[in-house]
S.K.: 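The structure is given below, and queries will be raised subsequently.
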Amino acid sequence: MQTRKTRHQFYLPDHLSARLNAMAAEPGASKTTILSAALGAWFQRADDEQTGAQFGKALSRQVRAVERLEQGSIT
């Protein structure tokens with residue numbers, strides 16, 4: 001099954017361009033594959049951070065409640 005792809009043009013700083021070229025020179029690698037994986041990881045991290053921010057306050061409250069329970073059972 002072939003996926004739809006959109007062409008993008010953008011500029012990279014020379015140091016990143018050199019590293020991308022070096023990585024793409026490896027057997028089985030391509031600039032498209034490398035950049036797709038990098039963007040996917042970037043977006044996943046952003047999604048994870050957003051999810052963490054949404055649930056962070058509730059999780060903090062639960063952690064504090066458990067800590068209070070544990071402290072009460074120790075004394």
Side-chain angles (χ1 to χ4, degrees):
M1 183 170 108
Q2 189 167 2
T3 60
R4 183 164 159 71
K5 296 178 183 177
T6 303
R7 181 179 176 87
H8 295 272
Q9 288 185 276
F10 54 91
Y11 296 96
L12 291 174
D14 289 341
H15 71 282
L16 292 179
S17 182
R19 289 186 69 182
L20 178 60
N21 287 332
M23 288 182 74
E26 297 289 325
S30 72
K31 291 178 185 179
T32 298
T33 302
I34 295 164
L35 290 174
S36 293
L39 276 173
W42 177 270
F43 291 142
Q44 182 61 48
R45 188 178 76 204
D47 291 344
D48 291 347
E49 288 174 4
Q50 184 178 14
T51 300
Q54 290 173 345
F55 295 105
K57 290 181 181 180
L59 290 173
S60 293
R61 283 194 303 270
Q62 290 177 351
V63 167
R64 286 192 303 272
V66 168
E67 287 172 347
R68 284 192 304 269
L69 287 171
E70 288 174 345
Q71 288 174 356
S73 66
I74 293 173
T75 57

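Position 1 is the first residue of the sequence, and the numbers go up from there. Here the structure is a predicted model, which means the values were calculated and not measured.
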S.K.: About how many Å separate CZ of R7 and CD of Q9, when rounded to the nearest 0.5 Å?
M.R.: 5.0 Å
S.K.: What side-chain hydrogen bond (donor to acceptor under 3.5 Å, both in side chains) pairs are there with at least one residue in residues 28-39, not counting sequence neighbours?
M.R.: N21-K31, S30-T33
S.K.: Could you pull out all residues at least two apart from R45 that satisfy salt bridge (charged side-chain N to carboxylate O under 4.0 Å, His left out)?
M.R.: E49
S.K.: I'd like to check the side-chain hydrogen bond (donor to acceptor under 3.5 Å, both in side chains) partners of Q44; sequence neighbours left out, ordered by chain and number.
M.R.: D48
S.K.: With sequence neighbours left out, write down each residue that passes side chain to side chain contact (heavy atoms under 4.5 Å, CB included) with H8, or none if nothing qualifies.
M.R.: T6, F10
S.K.: As an exercise, state the distance from CZ of R64 to CG of L59, rounded to the nearest 0.5 Å.
M.R.: 10.5 Å
S.K.: Remaining members of F43's ILVMFWY cluster at a side-chain heavy-atom cut-off under 4.5 Å?
M.R.: L39, W42
S.K.: Taking only residues two or more places apart in sequence or in another chain, which ones pass side chain to side chain contact (heavy atoms under 4.5 Å, CB included) with I34?
M.R.: L20, M23, A24, A29
